[in-house]
Amino acid sequence: MGAVVYDKLNLWNQSQKASQIAAGTLSAIARAVGVMQFDDTQALHNRPMMIKVVLKTHPQHGEQNEIKSYKSVTTDPNAPSPAGSYMAANQTPPQNGAQQQQPPAG
């Protein structure tokens with residue numbers, strides 16, 4: 001299987017802005033996996049979705065994968081996306097910063 005990619009959600013923070021960003025990301029994940037209401041984030045675990053991953057260069061940590069967005073696998077993978085291409089969450093992310101499209105795992 002491909003690489004594991006994480007997103008860090010800062011849901012509880014003194015900064016209201018940081019918490020709002022994290023809540024928006026969590027909402028995007030929930031929409032992508034088709035779970036609109038949940039009491040525990042475990043309801044989101046092990047559900048397929050597509051993710052857009054880019055390679056970023058961090059001054060102290062070097063190259064790192066960054067998840068830019070989430071998308072449902074039930075959408076047409078051949079439909080053009082204004083935000084770019086997506087890859088299945090269980091696929092290996094691009095190594096050169098290029099985006100690639102993968103069909104959803106079936």
Side-chain angles (χ1 to χ4, degrees):
M1 198 174 280
V4 177
V5 181
Y6 296 93
D7 203 346
K8 300 172 188 154
L9 304 184
N10 202 348
L11 291 166
W12 297 275
N13 189 291
Q14 291 178 338
S15 166
Q16 185 177 6
K17 178 82 168 169
S19 295
Q20 288 174 339
I21 291 169
T25 301
L26 184 58
S27 177
I29 292 168
R31 284 190 312 273
V33 299
V35 177
M36 296 302 114
Q37 295 182 359
F38 55 93
D39 293 324
D40 188 326
T41 56
Q42 286 199 347
L44 308 175
H45 293 194
N46 301 312
R47 294 180 178 263
M49 72 173 109
M50 304 289 277
I51 59 175
K52 180 180 177 184
V53 178
V54 297
L55 188 63
K56 294 283 188 167
T57 302
H58 188 276
Q60 293 177 324
H61 305 291
E63 292 182 339
Q64 296 181 327
N65 291 317
E66 181 179 316
I67 299 173
K68 295 303 262 181
S69 57
Y70 301 87
K71 187 176 179 181
S72 170
V73 294
T74 59
T75 58
D76 181 1
N78 297 317
S81 171
S85 305
Y86 288 80
M87 57 181 279
N90 64 349
Q91 298 293 316
T92 304
Q95 297 302 310
N96 62 359
Q99 301 165 353
Q100 53 182 301
Q101 181 146 346
Q102 299 286 336

S.K.: Nearest 0.5 Å, what's the CD-OG1 distance between Gln64 and Thr57?
M.R.: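 One gets 9.0 Å once the value is rounded to the nearest 0.5 Å.
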
S.K.: Could you check whether Asp7 and Tyr70, counting side-chain N and O atoms only, form a donor-acceptor pair closer than 3.5 Å?
M.R.: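 Yes - a donor-acceptor pair under 3.5 Å links their side chains.
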
S.K.: Please tabulate, for side-chain N and O atoms in residues 23-34, each donor-acceptor pair with protein atoms closer than 3.5 Å (sequence neighbours left out).
M.R.:
| unit_1 | atom_1 | unit_2 | atom_2 | d |
| --- | --- | --- | --- | --- |
| Thr25 | OG1 | Ile21 | O | 3.1 |
| Ser27 | OG | Arg31 | NH1 | 2.6 |

S.K.: Looking only at heavy atoms, what is the nearest atom pair of Leu11 and Ser19, with distance?
M.R.: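 That would be O-OG, 3.1 Å.
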
S.K.: According to salt bridge (Lys or Arg N to Asp or Glu O under 4.0 Å), who are the partners of Lys56, at least two apart in sequence or on a separate chain?
M.R.: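 Per chain and number, Lys56 pairs via salt bridge (Lys or Arg N to Asp or Glu O under 4.0 Å) with no residue.
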
S.K.: Working to the nearest 0.5 Å, report the span between OG1 of Thr41 and CG of Leu44.
M.R.: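 CG of Leu44 is found 6.5 Å from OG1 of Thr41.
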
S.K.: Considering only heavy atoms from C-beta outward, does the side chain of Val35 approach that of Arg47 to under 4.5 Å?
M.R.: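 Answer yes - side chains close enough.
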
S.K.: Measure the CD1-OH distance between Ile67 and Tyr6 for me, rounded to the nearest 0.5 Å.
M.R.: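 Output value for this atom pair is 10.5 Å.
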
S.K.: Who are the ring-ring contact (aromatic ring centres under 6.0 Å, His included) partners of His45, not counting sequence neighbours?
M.R.: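 For His45 there are no ring-ring contact (aromatic ring centres under 6.0 Å, His included) partners, ignoring immediate neighbours.
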
